[in-house]
Structures are given as structure tokens and as C-alpha cells.
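Indexing begins at 1, ligand by ligand and atom by atom, following the structure's order.
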Amino acid sequence: MQYDTLIYNVRIASMQHNAQPYGQLSESVVALLKGVIAGVFNADAIHSLSARTMIDGQQQWLLPGFIDCHTHLVYGGNRANEFEMRLQGVSYKDIALQGGGIKSTVEQTRRANEASLFKSAAKRARRLAEEGVTTIEVKSGYGLDNDTELRMLRVAKSLETQLPVRIATTFLGAHALPPEFADNADAYIDFVCDTVLPDVAHNNLADAVDVFCESIGFTTAQTEKVFKAAQQYGLPVKAHVEQLTDSKGAVLAAKYNALSVDHIEYLAESDIPHLAASGSVAVLLPGAFYYLHETQKPPVEALRQHNVPMAVATDLNPGSSPIASLLTAMNMACVLFALTPEEALRGGTLYAAKALGLSDRGEIKPGKLADLTLWDIESPAELVYTLNGHRPTRVFLGGQHV
Ligand SMILES: O=C(O)CC[C@@H]1NC(=O)NC1=O
Ligand SMILES: [Fe+3]
């Protein structure tokens, strides 16, 4: 058997659930063939294996490629002005109610053409990729009209053609109320369900559907309408829930077997059994908690007790979380939400994949995609312990060294 690549003399943090921290394996050789992990072998096997390319890992740590499972990285303009307003005490909610916030980015995104949206999104995606992110989820939600929502999703998908990353797209038409539907949220939800979503589905532009279920977003009744429409097109759902209030969005999401419930700072512990039953992933977004100067933390210990998988993502967006660094988000998840470094790293690999409904990546195991990163560190914890701008020494995407 000739492999494409053998990576040997490495310490492997597989992120599998085994008895070892970080899923560490005793093996130190990984064989890649046709874009997937073909096998994992002990050191002495190297003498009986052959491959076109042999890479000495020099005792560095090999991890699965990182997965950022929640971003809004396609958008026009920026909101630095609102950052200054918030620093002067104006709340995120008040800015939104004054017509700023998401609505302000919607105006700038509608004005931006596909080329300029691509250029700015590619810069953000490249920053994530430089830290070893190999899969990025990208949402729409700054168009709120048919043309711009579809343009955002096309731009998101086209990132794969220019960058060494895989893209998962999510339709988030139900992100905010556009001016054309001011004070008529129900009519806008009908427009999302009856006009935009069908167009998105017919053009295969989304892998999932998301809703901002919140006091300043959409109600659970409106959210459920979008979920039902998504089901009609065979699209899985996820939702921004309990970010600012306990609206019981997580309970509704669990009823629809949502891939994930995201933010969840105000998730009631009594609602967690619903998530344990549905298998939904709890996606923690510490960047938004940090930027909005939130005080209410997600119920991490209760999620742990109920064995609800927790993912960590950047929520990269121009308002509540302008962070293009998954390592920083992982550090914040530890410092602000008391995740362990192992939970944070598994939250940016295996459980991030689960939050996207992807079982082909996120751990080092035969049969999984050969999306891998190599790090010159003494222990995996270093990656989330220091904010020192870690960069992988090597990145593999589908077995190709990128
Ligand atoms: O402020 C923005 O532009 C997006 C904020 C982002 N969207 C959402 O539903 N929750 C968030 O934190
Ligand atoms: Fe978000």
C-alpha cells in the first residue's frame, strides 16, 4: 500500500473521546490517502510503510484543523462608531433601537457589490485560516432582501475557491427587521419563508437555517415559522437564543432537533435536559459577551453535568464580536466562561463540526478528512493559554499541505 503522505514523529491530540487528555494517542504516525486519514500507526511502523511524501513532525503536536462554527464574516462597512458609542455607555440594545446595529450594516452591505463583499470577507477568512482554521461557517443576514441575501451566500461559498478553507453556509434572513417591513415582523417572516428561503434552497446556497430569536430579534412563534419552512426544504436549523433574555428559544430549537443553540447566556438550567435529549450543541460565543460587556454567563457547569457538547466560535461580525481569531475566542471561553483548555479545543474541533452537522472532520481518526495542523508547542493547552498569536508550522487541507 502506498500512501500519499506519512506524517511521523508527532504527538497526536486527536480530540477523540478516549481516556487521555485532548484524545492524545500513543501512536505517532499518520498516513494520508486521497484526502482522508487512512491510518494511525506506532513509530516503528514507519519502516514498513511507504508514501510519496514523508514529513518529520519533529515531535510537534498534530491537531485536527480548527472549525469556526459561527461567523457573520460577509458584510459591508464597519461599526467602529458604535464601538465608541458603547464605550460612552450607550447600550447595544439602544443603538439597535435607534436604527443602528445590524440595520446599519444592512445598509452598507446592500450597497456593496459582490467583488467588494468578497474582498473584505476574504481578508477576514484569511486571518482565521492563518491560525489553523480549515472549516468556517458563514451566515447571511445583512441583506434582509432577496438579492442581497443570495449575494452574501454566493460570496461565502466562493471563498472556498480562493482560500485553503472549507465553507459551510447558513441562511439567517431572520436576523433583523428591514426598513421595508418596519413594525410588521410577521409580514417579514412570511417574506423570508415564502420568497427568500425557497430561492436559497433552489440555488443550494445554504447548508442550514438560523434565526435571531430574541427580544430585539424575532419571537418564538416567528422563529417556529422559519423552522417549519426550513424543514420543508430539508434544511437543518440552528438559532441565536437566550443572548440577552430568556425567550425559551432553546426549548423550541431542541423541539426541532436544532444542530446548535448559540450564545445561550440566559439559558435556564431547567431547559438544559431538552438540549441533552435533542443532541443540540451549545455554541459559546464569548466574543459577544466580552464586547457587549455582558454579565450573565452561560450555564457551563450545568451543560457539563448534562453532557451537552459545547462548541466555541468567534461570532465574527462588525457589531457584537469583531474578532477574527478563534484562538482568542477559545482563550475567552476559558477565562470568561471557565471552560478547560481541553473543552475549548474540542469546542473548536469535534463539537464545532457537530454544531454544523458534519461528522467527517474535527478529530484525528481513520476515515476523517485529512484537515490537520502542526504546532511547535509543549502542550495543546498553550494554544488557548497565551494570546501570543500562535501560528501552525504546517496546515493540511484534505491531505494537501497548504
Ligand atoms: O451586531 C451585529 O451586527 C450582529 C450581532 C449578532 N447577531 C446576532 O443575532 N447576535 C449577535 O451578537
Ligand atoms: Fe451570531
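- The pair K225-D190 meets the salt-bridge criterion, with a side-chain N (NZ, NE, NH1 or NH2) lying under 4.0 Å from an Asp/Glu carboxylate O.
- Counting only residues at least two apart or in different chains, side-chain hydrogen bond (donor to acceptor under 3.5 Å, both in side chains) contacts with residues 382-397 comprise Q60-T393, T386-H390, R394-H401.
- Looking only at protein heavy atoms, the nearest one to atom 10 (N) of ligand 1 is Q243 OE1, 3.0 Å.
- Using a 4.0 Å cutoff on heavy atoms, E214 does not count as a contact of ligand 1.
- Evaluation of the salt bridge (charged side-chain N to carboxylate O under 4.0 Å, His left out) test over residues 194-214, restricted to residues two or more places apart or in two chains, returns K139-D210.
- Looking at H263 against ligand 1, only its side chain comes within 4.0 Å, counting heavy atoms.
- At a 4.0 Å heavy-atom cut-off, ligand 1 does not touch L292 at all.
- Listed by atom number, the atoms of ligand 1 under 4.0 Å from H240 heavy atoms are 8 (C), 9 (O), 10 (N).
- Here the protein heavy atom with the shortest distance to atom 4 (C) of ligand 1 is Y142 OH, 3.2 Å.
- Listed here is the closest heavy atom pair of G287 and I323: CA-CD1, 3.6 Å.
- Here E130 does not pair with R127 in a salt bridge; the nearest charged N to carboxylate O distance is not below 4.0 Å.
- H175 and Y142 have perpendicular rings, their planes meeting at more than 60° on a 0 to 90° scale where under 30° would count as parallel.
- Residue T220 comes nearest to C213 through the heavy atom pair CG2-SG, 3.8 Å, listed as atom of the first residue, atom of the second, then distance.
- Although no hydrogens or angles enter the test, the distance criterion places a donor-acceptor pair under 3.5 Å between the side chain of N18 and the main chain of G23.
- For ligand 1, the polar-atom distance check against H175 finds a nitrogen or oxygen pair separated by under 3.5 Å.
- Close contacts between ligand 1 and R79 involve ligand atoms 1 (O), 2 (C), 3 (O) [criterion: under 4.0 Å to a heavy atom].
- Of the protein's non-hydrogen atoms, S320 OG, 2.7 Å is the one closest to atom 12 (O) of ligand 1.
- Screening residues 83-93 for side-chain hydrogen bond (donor to acceptor under 3.5 Å, both in side chains) gives S91-D94 as the qualifying pairs, with residues at least two apart or on separate chains.
- Shown here are the protein N/O/S atoms lying under 2.8 Å from the Fe ion (ligand 2), water excluded: H70 NE2, H72 NE2, H240 NE2, D315 OD1.
- Y92 OH, 3.0 Å is the protein heavy atom nearest to atom 5 (C) of ligand 1.
- Using a 4.0 angstrom heavy-atom cutoff, T105 does not count as in contact with ligand 1.
- Side chain of E242 to main chain of G249: a donor-acceptor pair is present (N/O by atom type, distance under 3.5 Å, no hydrogens or angles).
- Under the 30°/60° scheme for interplanar angles, the aromatic rings of H263 and H240 are found to be tilted.
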